[in-house]
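The figures that follow rest on heavy atoms only: side chains count, while hydrogens, waters and symmetry mates do not.
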Amino acid sequence: GMYTGQFLYCGKKANLQIGNILPVGQMPEGTMVCNLEEKTGDRGALARTSGNYAIIVSHNPDTGKSRVKLPSGNKKLIPSANRAMVGIVAGGGRIDKPLLKAGRAYHKYKVKRNCW
């Protein structure tokens with residue numbers, strides 16, 4: 001995993017190490033990534049919540065697109081120039097713990113109810 005004081009590198013020439021940010025087209029198939037750009041330059045929109053990651057499934061160099069498997073299970077076609085961080089988001093297993101009481105469930109879903 002990542003640690004305090006670790007050097008992070010961004011760009012096409014960065015090594016394939018956890019924490020580095022590369023274009024999706026530069027990574028091999030099967031790489032686990034997080035904070036993935038949906039549209040080129042949007043600074044990361046997909047696979048950002050605790051314990052989540054996306055997997056690079058395939059590349060198509062002719063069209064410049066890559067197929068990515070998202071945490072939901074959907075496969076999405078995105079431009080190969082989109083950037084992503086190598087690795088998995090911390091905090092996995094957060095939803096395994098039971099809420100135990102109604103008040104905690106109330107406050108959890110209270111946030112999600114404001115759909116006006």
Peer 1: Minimum heavy-atom separation for Val89 to Cys34, with atom names?
Peer 2: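 The pair with the smallest heavy-atom distance is CG2-CB, 3.6 Å.
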
Peer 1: Under 4.5 Å between side-chain heavy atoms, chaining through other members, with only Ile, Leu, Val, Met, Phe, Trp and Tyr counted: pull out the rest of the cluster around Ile95, sorted by chain and number.
Peer 2: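 Under the 4.5 Å side-chain rule, Ile95 groups with nothing.
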
Peer 1: Please identify each residue that fulfils side chain to side chain donor-acceptor pair (under 3.5 Å) with Glu37, with sequence neighbours left out.
Peer 2: Arg83

Peer 1: Under the 3.5 angstrom rule, does the side chain of Asn82 hit a backbone N or O of Thr40 as a donor-acceptor pair?
Peer 2: yes

Peer 1: Output all residues satisfying side chain to side chain donor-acceptor pair (under 3.5 Å) with Asn52, sequence neighbours left out; order by chain, then residue number.
Peer 2: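 For Asn52, the residues satisfying side chain to side chain donor-acceptor pair (under 3.5 Å) (neighbours in sequence not counted) are Thr49.
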
Peer 1: Under the side-chain contact (heavy atoms from CB on, under 4.5 Å) test, which residues partner Asp96, sequence neighbours left out?
Peer 2: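 In terms of side-chain contact (heavy atoms from CB on, under 4.5 Å), with neighbours along the sequence ignored, Asp96 is linked to no residue.
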
Peer 1: Check side chain to side chain donor-acceptor pair (under 3.5 Å) between Glu38 and all other residues, then give those that pass, not counting sequence neighbours.
Peer 2: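 Applying side chain to side chain donor-acceptor pair (under 3.5 Å) to Glu38 gives Lys76.
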
Peer 1: Between Asn20 (side chain) and Tyr9 (backbone), is there a donor-acceptor pair under 3.5 Å?
Peer 2: yes

Peer 1: Step by step, work out the side-chain contact (heavy atoms from CB on, under 4.5 Å) result for Leu8 and Gln6.
Peer 2: CA-CA 6 Å; Leu8 300 180; Gln6 177 180 350; 4.0 Å; yes

Peer 1: Are the side chain of Asp42 and the backbone of Gly44 linked by a donor-acceptor contact shorter than 3.5 Å?
Peer 2: yes

Peer 1: For Arg43, what residues pass the side chain to side chain donor-acceptor pair (under 3.5 Å) criterion, not counting sequence neighbours?
Peer 2: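 Not a single residue meets the side chain to side chain donor-acceptor pair (under 3.5 Å) criterion with Arg43.
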
Peer 1: Pairs in or reaching into residues 47-59: which pass salt bridge (charged side-chain N to carboxylate O under 4.0 Å, His left out), with residues at least two apart or in two chains?
Peer 2: none

Peer 1: Who clusters with Ile55? Use side-chain heavy atoms, under 4.5 angstrom, across I, L, V, M, F, W and Y, and order the result by chain and number.
Peer 2: Met32, Tyr53, Ile88

Peer 1: Decide yes or no on side-chain contact (heavy atoms from CB on, under 4.5 Å) for Lys108 and Leu99, but give the supporting numbers first.
Peer 2: CA-CA 9 Å; Lys108 176 184 176 183; Leu99 292 172; 4.0 Å; yes

Peer 1: Partners of Ile18 by side-chain contact (heavy atoms from CB on, under 4.5 Å), sequence neighbours excluded?
Peer 2: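 Ile18 satisfies side-chain contact (heavy atoms from CB on, under 4.5 Å) with Met2 only.
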
Peer 1: What are the two closest non-hydrogen atoms of Ala47 and Pro71, and how far apart are they?
Peer 2: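 Scanning both residues completely, I find the closest heavy atoms to be CB-CG, 4.0 Å.
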
Peer 1: With sequence neighbours excluded, tell me which residues meet side-chain contact (heavy atoms from CB on, under 4.5 Å) with Lys101.
Peer 2: Arg104

Peer 1: When you compare the side chains of Arg67 and Ser58, does any donor N or O come within less than 3.5 Å of an acceptor on the partner?
Peer 2: no

Peer 1: Who passes side-chain contact (heavy atoms from CB on, under 4.5 Å) against Pro98, sequence neighbours left out?
Peer 2: Leu100

Peer 1: In the hydrophobic clustering that connects Ile, Leu, Val, Met, Phe, Trp and Tyr at side-chain heavy-atom distances below 4.5 Å, which members other than Ile56 occupy its cluster, ordered by chain and number?
Peer 2: Leu16, Leu22, Val24, Met27, Val33, Leu36, Leu46, Val68, Leu70, Ile78, Val86

